[in-house]
Enquirer: 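Sharing a structure here in structure tokens format.
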Amino acid sequence: MTTKTSIPTDALKQFRMRVKGDVVLPQSTNYDETRTLHNLLHDKRPAIIVQASDASDVARSIEFARAQGLEIAVRSGGHSFPGHSMNNDGLVIDISRMTNIQIDPQQRTAWAQPGALAGDFANAAQEYGLAVPFGDAESVGLGGITLGGGIGFLVRQHGLAIDHVKAVEVVTANGQIVTATATEHPDLFWALRGGGGNFGVVTGFQYDLVEVGTILGGALLLPATKEVLEGYVRVSEQAPEELTTISFVLKAPPMPFLPEESVGAMVLAIFPCYTGSIEEGQKALDPFRALATPVADVTMPMPYASIYDLTREATQPKREVVRSGFYQQFDGETMERILEFVAAAPTPFCAAQLRPLGGQMAKVDRDATAFSHRDANYLITVIAAGETAQEDGSVSDWALRFWDTIKDRRDGAYSNFLEDEGEARIRESYAAETYERLAEIKRRYDPENVFAGNQNIAPKAMSAAA
Ligand SMILES: Cc1cc2nc3c(=O)[nH]c(=O)nc-3n(C[C@H](O)[C@H](O)[C@H](O)COP(=O)(O)OP(=O)(O)OC[C@H]3O[C@@H](n4cnc5c(N)ncnc54)[C@H](O)[C@@H]3O)c2cc1C
């Protein structure tokens with residue numbers, strides 16, 4: 001199988017000699033494996049995939065793609081919902097082999113390459129009782145999650161992943177390798193924290209680390225009723241900042257701890273992460289337990305990194321459609337629609353995900369980074385997934401009809417949870433002035449929009465800027 005693009009043989013040969021990493025072509029035996037993304041809905045066929053080994057490989061790949069007129073996609077962990085980290089007939093800069101993680105426990109900092117996965121980072125940092133707040137799945141790459149913001153199990157106590165970024169090594173559109181910090185290229189540093197993959201290819205992040213040892217984690221399953229959801233809102237709003245919960249309304253899948261008669265029942269599955277003392281954590285969870293007789297309560301002390309054991313099964317690759325928004329309120333109308341749609345879900349992998357926010361995320365100044373929605377109280381996401389192509393139609397139809405009924409009450413979007421939903425939705429991820437500032441920085445660092453295969457922010461037109 002080939003793609004539509006043909007790269008001159010000589011140019012390709014020279015390029016292969018100039019890069020240290022492997023070059024994967026449509027005829028390579030590992031082509032299919034290398035182009036497969038986490039969201040199996042996407043079946044894209046790039047002309048060439050460069051498995052970069054360092055920043056100079058990245059710089060050479062950008063130069064080669066531009067010389068050959070090839071569109072560029074950038075892949076770290078490959079978890080882009082809309083499949084932006086692959087393209088058709090273009091060049092993919094694949095960072096997934098750049099996985100080095102160096103922890104400095106004395107300084108409480110770490111350098112990590114963006115191909116490293118959240119779970120690998122959590123395990124490496126856990127050895128010292130340290131962490132960076134990434135998301136809820138171990139298989140997500142540091143590249144994508146960090147550049148979009150990073151909302152996870154520590155968001156209420158420690159904020160977003162970007163709130164812990166101290167420096168970023170990035171290869172810009174002209175092939176320059178620069179380090180952006182609060183004092184060097186501060187505009188770029190600001191834009192990279194929330195502005196996504198628009199400004200260059202990141203080859204290293206320096207993070208500061210937070211102390212997280214044993215947490216109170218696990219799962220608490222309650223019957224999903226409107227009263228329980230109302231109670232969940234009430235007790236979440238009163239919860240201490242040490243407690244973050246990520247919850248799902250879904251039909252209970254078979255789980256080792258679940259009584260057989262409860263499999264398939266509508267539940268609110270609450271995954272807590274309490275970072276203070278276990279005793280205080282139990283007290284913080286009691287109001288949640290009191291909302292109804294639990295279907296199951298398997299909350300328990302665990303090392304922070306073990307929180308990923310709980311989400312591993314549910315986050316295996318599938319054919320997935322998501323729709324998501326920030327909300328100021330999780331109101332009764334939205335609850336009713338969630339209960340109605342989940343009850344009629346077409347596959348067992350369809351759910352509504354609820355993330356009460358606030359705490360430290362809201363305490364950082366809105367203009368400090370390019371992530372605008374600091375004041376959002378909830379992130380609500382429709383997750384629809386199937387295992388076979390035959391299910392695609394019903395899965396997508398369910399997700400879009402469901403979203404239609406709750407979308408009007410939203411107040412912003414999270415760029416990492418967007419699909420290909422158009423420019424208006426990308427703009428929704430940012431305050432108007434943040435978007436303008438990003439477009440101006442894009443003009444300076446990538447005036448030709450070389451990095452367009454993403455939630456794209458077009459460079460501010462030269463004339464408009466003048
Ligand atoms: C199962 C699952 C669970 C998730 N859970 C969470 C969560 O709890 N919290 C959360 O905040 N998000 C979560 N996400 C969303 C996730 O943050 C985004 O999908 C993110 O983009 C994935 O990063 P990646 O590196 O794995 O993806 P990729 O597909 O490799 O990259 C996605 C995009 O990011 C950009 N990018 C990636 N690497 C680089 C780089 N090195 N340089 C420049 N640009 C780059 C590119 O534009 C690329 O198209 C989840 C996604 C999935 C599929």
Side-chain angles (χ1 to χ4, degrees), residues 35-42 44 52 55 58 61-62 71-87 92-99 112-119 133-155 159-162 168-173 191-192 194-205 244 246 271 273 307-308 311-322 324 349 353 355 357 361 371 379 381 383 385 414-420 426 446 450-457:
R35 71 187 178 88
T36 300
L37 295 178
H38 182 269
N39 188 350
L40 300 174
L41 262 190
H42 304 294
K44 299 189 187 175
V58 171
S61 303
I62 296 170
E71 281 177 14
I72 294 177
V74 183
R75 182 205 201 275
S76 286
H79 275 49
S80 160
F81 288 116
H84 284 163
S85 37
M86 274 300 133
N87 60 21
V92 175
I93 301 177
D94 180 345
I95 307 290
S96 64
R97 287 188 172 175
M98 294 175 59
T99 57
Q113 292 182 313
L117 307 183
F134 294 118
D136 68 356
E138 65 182 353
S139 51
V140 168
L142 302 196
I145 193 168
T146 306
L147 291 168
I151 304 176
F153 280 114
L154 299 173
V155 67
L160 304 170
I162 49 170
V168 186
E169 184 188 79
V170 56
V171 188
T172 58
L192 287 165
N198 276 288
F199 305 94
V201 182
V202 174
T203 47
F205 292 107
T244 295
I246 299 181
F271 294 90
C273 176
I307 206 152
Y308 289 133
T311 56
R312 184 169 301 130
E313 193 53 40
T315 54
Q316 292 302 311
K318 291 187 191 66
R319 307 173 69 85
E320 204 162 10
V321 177
V322 301
S324 176
F349 314 108
Q353 187 192 62
R355 299 189 188 216
L357 301 169
M361 168 176 150
F371 181 94
L379 177 62
T381 306
I383 301 175
Y414 176 34
S415 66
N416 268 349
F417 279 9
L418 284 181
E419 297 242 28
D420 274 328
I426 298 171
D446 183 15
V450 167
F451 304 115
N454 45 40
Q455 299 298 352
N456 196 235
I457 295 167

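Both ligands and their constituent atoms are indexed starting at 1 by order of listing.
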Enquirer: I need the nearest protein heavy-atom contact for atom 23 (O) of ligand 1: residue, atom name and distance, please.
Expert: G144 CA, 3.1 Å
Enquirer: Where on F134 is there a heavy atom closer than 4.0 Å to ligand 1, on the side chain, on the backbone, on both, or on neither?
Expert: neither
Enquirer: For D420 and H84, does a side-chain donor sit closer than 3.5 Å to a side-chain acceptor?
Expert: yes
Enquirer: With the threshold set strictly below 4.0 angstrom, can you tell me whether any protein non-hydrogen atom sits that near atom 15 (C) of ligand 1?
Expert: yes
Enquirer: Looking at atom 26 (O) of ligand 1, what's its closest protein heavy atom, distance included?
Expert: G141 N, 2.8 Å
Enquirer: Answer with side chain, backbone, both or neither: which part of S80 has a heavy atom less than 4.0 angstrom from an atom of ligand 1?
Expert: both
Enquirer: Which is it for Y414 and ligand 1 at heavy atoms under 4.0 Å: side chain, backbone, both or neither?
Expert: side chain
Enquirer: Return yes if a side-chain donor-acceptor contact under 3.5 Å exists between H79 and S139, otherwise no.
Expert: yes
Enquirer: Can you tell me if K318 has a non-hydrogen atom under 4.0 Å from ligand 1?
Expert: no
Enquirer: Do the non-hydrogen side-chain atoms of I151 and R355 ever get within less than 4.5 Å of each other?
Expert: yes
Enquirer: For atom 6 (C) of ligand 1, which candidate among N454, V201, D136 holds the nearest heavy atom?
Expert: D136
Enquirer: For atom 27 (O) of ligand 1, which candidate among E169, H79, R75 holds the nearest heavy atom?
Expert: H79
Enquirer: Does either side chain, that of T203 or that of E169, offer a donor lying less than 3.5 Å from an acceptor on the other one?
Expert: yes
Enquirer: Consider ligand 1: state whether an atom of it lies below 4.0 angstrom from any non-hydrogen atom of G150.
Expert: yes
Enquirer: Measuring from atom 50 (C) of ligand 1, which candidate in V140, I95, V92 has the nearest non-hydrogen atom?
Expert: V140
Enquirer: Who's the nearest protein heavy-atom neighbour of atom 38 (N) of ligand 1, and how far?
Expert: S76 OG, 2.7 Å
Enquirer: Name the closest protein heavy atom to atom 51 (C) of ligand 1, giving the residue it belongs to and the distance to 0.1 Å.
Expert: F81 CZ, 3.4 Å
Enquirer: Give me the nearest non-hydrogen protein atom to atom 49 (O) of ligand 1 as residue plus atom name, then the distance to 0.1 Å.
Expert: H84 CB, 3.3 Å
Enquirer: Give a yes/no on ligand 1: does G78 have at least one heavy atom closer than 4.0 angstrom to it?
Expert: yes
Enquirer: Mind checking whether Q455 contacts ligand 1 via backbone (N, CA, C, O), side chain (CB onward), both or neither, at a 4.0 Å heavy-atom cut-off?
Expert: neither
Enquirer: For atom 41 (N) of ligand 1, what's the nearest protein heavy atom and its distance?
Expert: V202 O, 3.0 Å
Enquirer: Give me the nearest non-hydrogen protein atom to atom 35 (C) of ligand 1 as residue plus atom name, then the distance to 0.1 Å.
Expert: G197 CA, 4.2 Å
Enquirer: When you measure from atom 1 (C) of ligand 1 to each heavy atom in E320, H38, E138, which option holds the nearest one?
Expert: H38
Enquirer: Going by atom types alone, do N198 and D446 pair a side-chain donor with an acceptor below 3.5 Å?
Expert: no
Enquirer: Looking only at non-hydrogen atoms, which of I151, V74, I72 approaches atom 40 (C) of ligand 1 most closely?
Expert: V74
Enquirer: Counting non-hydrogen protein atoms only, what is the nearest one to atom 45 (C) of ligand 1? Give residue, atom name and distance.
Expert: L147 CD1, 3.5 Å
Enquirer: Output yes when the distance from some N or O of ligand 1 to some N or O of T315 is under 3.5 Å, and no in every other case.
Expert: no
Enquirer: Hey, does F417 sit under 4.0 Å from ligand 1 if you only count heavy atoms?
Expert: yes
Enquirer: For G200, state whether at least one heavy atom is located under 4.0 Å from any atom of ligand 1.
Expert: yes
